[in-house]
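In each ligand, atom 1 is the first atom listed, and ligand 1 is the first ligand listed.
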Amino acid sequence: MLSSTVISRPSDQYRNRRDRVKTKLKMAANVPVILDNGYTIPVIGLGTWKSEPGQVEQAVKDAIDAGYRHIDCAHVYLNEKEIGKALKAKFEEGNVKREDMFITSKLWCTFHRPDLVEGAIKVTLENLGLGYLDLYLMHWPQAFKEGDDLIPTDADGKLIVSNVDYVGTWKTMETLVEKGLTRSIGVSNFNKKQMDRLLEAAKIKPAMFQIEVHPYLNQQLLIDYCRTHDIAVTAYSPLGSLDRPWAKPGDPNLLEEPKIKSIAEKYGKSVAQVLIRYAIDRGLIVIPKSVTKSRIVENFNVFDFQLTLEDVKEIGSLECKGRLCTLGDTHHPYYPFHDEY
Ligand SMILES: NC(=O)C1=CN([C@@H]2O[C@H](COP(=O)(O)OP(=O)(O)OC[C@H]3O[C@@H](n4cnc5c(N)ncnc54)[C@H](OP(=O)(O)O)[C@@H]3O)[C@@H](O)[C@H]2O)C=CC1
Ligand SMILES: O=C1CO[C@H](CO)[C@@H](O)[C@@H]1O
């Protein structure tokens, strides 16, 4: 009887070994950052805001194939079901397991009332097809009127706010960790005073602070603050969020900045790759968004060069308080961006 053992040709064996080494190198490059609670997070994640439901499934699959093990999601991006489909397909293929992935999602502003928080994470878990999240962030400190409308407005189109205190929301998020629904919790878009107030009340310290960071808004003061408190920082909109819905023709474009272009030329890399390194070399986690396979691959291919201190300073000189993302009514009592930082 013929043996059922498949004997591979030497060239196949070589190719397999070479592929394995390549994969190992790729994984070793996506060096995880250790959070203060002991969990680790891969330094690059795939952003998914504005990734259309019809595109995001393939984008997440492409990202996982390229070596990404970290996906940044949010209920308000309205695409978590499709991301869940991609994760399921990849887990079923067997090359990647749930525990290899770091999945973040965010509590939206209409679910801040303590009795709504657990239901909100459960909807996200159901949509993503997961039993737990790695990280659940309070998306913004401001609460909006509870209900089906994610951006509730009155007859004049004015946002309807809710007076729920983010500290009460945080106390309920702490129970999500105790219940095993998420491993870590954190916040996004807070200012320093809000962070101080949260830290004073917190039983579980935020493991992560997700904020807008790029050369037009380098956030040095908030980053220093987090370093003092051992809170990791994730940089969002690292490429300048050109596809943000409110972008206007003629707005400054980071991808066209001559200073960054010349640094990119020096290393033979793209401007996007330099912008991603700008975050990594400042000790940040970074979540560039793309639905384009070649860019998804490009954005991950940043582990064969490093910026010098001079490069970082030169890029940092583009700082111009150029904030790209704000939310809602500036009169909201918890609107975060009136203070210097
Ligand atoms: N916590 C919060 O409040 C916020 C969190 N975020 C998170 O951060 C993520 C990233 O930020 P985001 O605002 O989306 O913007 P990014 O700065 O990541 O920019 C995304 C844009 O850059 C394009 N792009 C991606 N890669 C390249 C490349 N290599 N060369 C040229 N263009 C490129 C994308 O195009 P294309 O997709 O067509 O390839 C898209 O138009 C979000 O998706 C979200 O997950 C963002 C905002 C707020
Ligand atoms: O993640 C986000 C994308 O942009 C939205 C509109 O400002 C924000 O609400 C949110 O922070």
Any idea which part of [X] is under 4.0 Å from ligand 1, heavy-atom wise: side chain, backbone, both or neither?
X: L327; answer: neither
X: S237; answer: both
X: H214; answer: neither
X: A272; answer: side chain
X: P238; answer: both
X: K289; answer: both

| query | Does ligand 1 have any atom that is closer than 4.0 Å to a heavy atom of G240? | reply |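 Checking ligand 1 against G240, which is what was asked, there is a heavy-atom contact under 4.0 Å.
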| said: So, 4.0 Å and heavy atoms of R244: is ligand 1 close enough to count as a contact? | reply: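 No; R244 lies far enough from ligand 1 that no heavy-atom distance drops under 4.0 Å.
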Closest non-hydrogen protein atom to [atom], residue and atom name please, with distance?
atom: atom 2 (C) of ligand 2; result: H139 NE2, 3.5 Å
atom: atom 11 (O) of ligand 2; result: W140 NE1, 2.8 Å
atom: atom 6 (C) of ligand 2; result: W246 CH2, 3.5 Å
atom: atom 17 (O) of ligand 1; result: L239 N, 2.8 Å
atom: atom 3 (O) of ligand 1; result: N189 ND2, 2.8 Å

Would you indicate which of [options] comes nearest to [atom] when only heavy atoms are counted?
atom: atom 1 (O) of ligand 2; options: Y236, W49, Y77; answer: Y77
atom: atom 13 (O) of ligand 1; options: A247, S241, S270; answer: S241
atom: atom 40 (C) of ligand 1; options: N301, N299, L254, D243; answer: D243
atom: atom 30 (N) of ligand 1; options: R295, Q210, Q273, M138; answer: R295

| request: Verify the distance criterion only: is there a donor paired with an acceptor across the side chains of N37 and S184 at less than 3.5 Å? | output: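 Side-chain D/A pair, N37 to S184: present.
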| said: For a quick check under 3.5 Å, do T175 and E118 share a side-chain donor-acceptor pair by atom type? | reply: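 Checked: T175/E118 side chains show no N/O donor-acceptor pair below 3.5 Å.
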Quick check on contacts: which atoms of ligand 1 are under 4.0 angstrom from a heavy atom of [X]?
X: H139; value: 1 (N), 2 (C), 3 (O)
X: K50; value: 12 (P), 13 (O), 14 (O)
X: D72; value: 7 (C), 44 (C), 45 (O)
X: V291; value: 36 (P), 37 (O), 39 (O)
X: E298; value: 29 (N)
X: W49; value: 13 (O), 14 (O), 42 (C), 43 (O), 44 (C), 45 (O), 46 (C), 47 (C)

| Quick one: does T326 get within less than 4.0 Å of ligand 2, heavy atoms only? |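 So T326 counts as touching ligand 2.
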| task | Kindly confirm or rule out an N or O of P288 lying under 3.5 angstrom from an N or O of ligand 1. | result |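 Checking ligand 1 against P288, no N or O pair falls under 3.5 Å apart.
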| field | ligand 1 to L255 polar contact by distance, N or O atoms, under 3.5 Å | value |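 Min N/O separation from ligand 1 is not below 3.5 Å for L255.
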| Contact check: W108 vs ligand 2, nitrogen or oxygen atoms, below 3.5 angstrom |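 N/O-N/O distance under 3.5 Å: no.
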Before accepting this row, confirm whether a basic side-chain N of the pair [X]/[Y] lies closer than 4.0 Å to the acidic partner's carboxylate O.
X: K88; Y: E92; result: yes
X: K171; Y: E174; result: yes
X: D65; Y: K293; result: no
X: E93; Y: K90; result: yes

| The single option from F144, Y166, F190, W140 passing ring-ring contact (aromatic ring centres under 6.0 Å, His included) against Y334 |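 The passing option is Y166.
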| query | Which ligand 2 atoms are under 4.0 Å away from a heavy-atom of L327? | reply |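 Those of ligand 2 that fall under 4.0 Å from L327 are 9 (O).
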| task | Enter the distance from T124:OG1 to I83:CD1 here, rounded to the nearest 0.5 Å. | result |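 Rounded to the nearest 0.5 Å, the OG1-CD1 separation comes out at 10.0 Å.
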| request: Mind running side-chain contact (heavy atoms from CB on, under 4.5 Å) on F91 and V96 for me, showing each step along the way? | output: CA-CA 6 Å; F91 296 155; V96 65; 4.2 Å; yes
| Hey, would you say the H75 and F111 ring centroids sit under 6.0 Å apart? |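 Judged by ring-centre distance (under 6.0 Å), H75 and F111 do meet the cut-off.
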| field | Between Y225 and H229, ring centroids under 6.0 Å | value |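 That pair passes the under 6.0 Å test.
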Got a sec: does the [atom1] of [X] have more than 12 other heavy atoms crowding it under 6.0 Å?
X: K50; atom1: NZ; result: yes
X: E178; atom1: CD; result: yes
X: E99; atom1: CD; result: yes
X: K193; atom1: NZ; result: no
X: H331; atom1: NE2; result: no

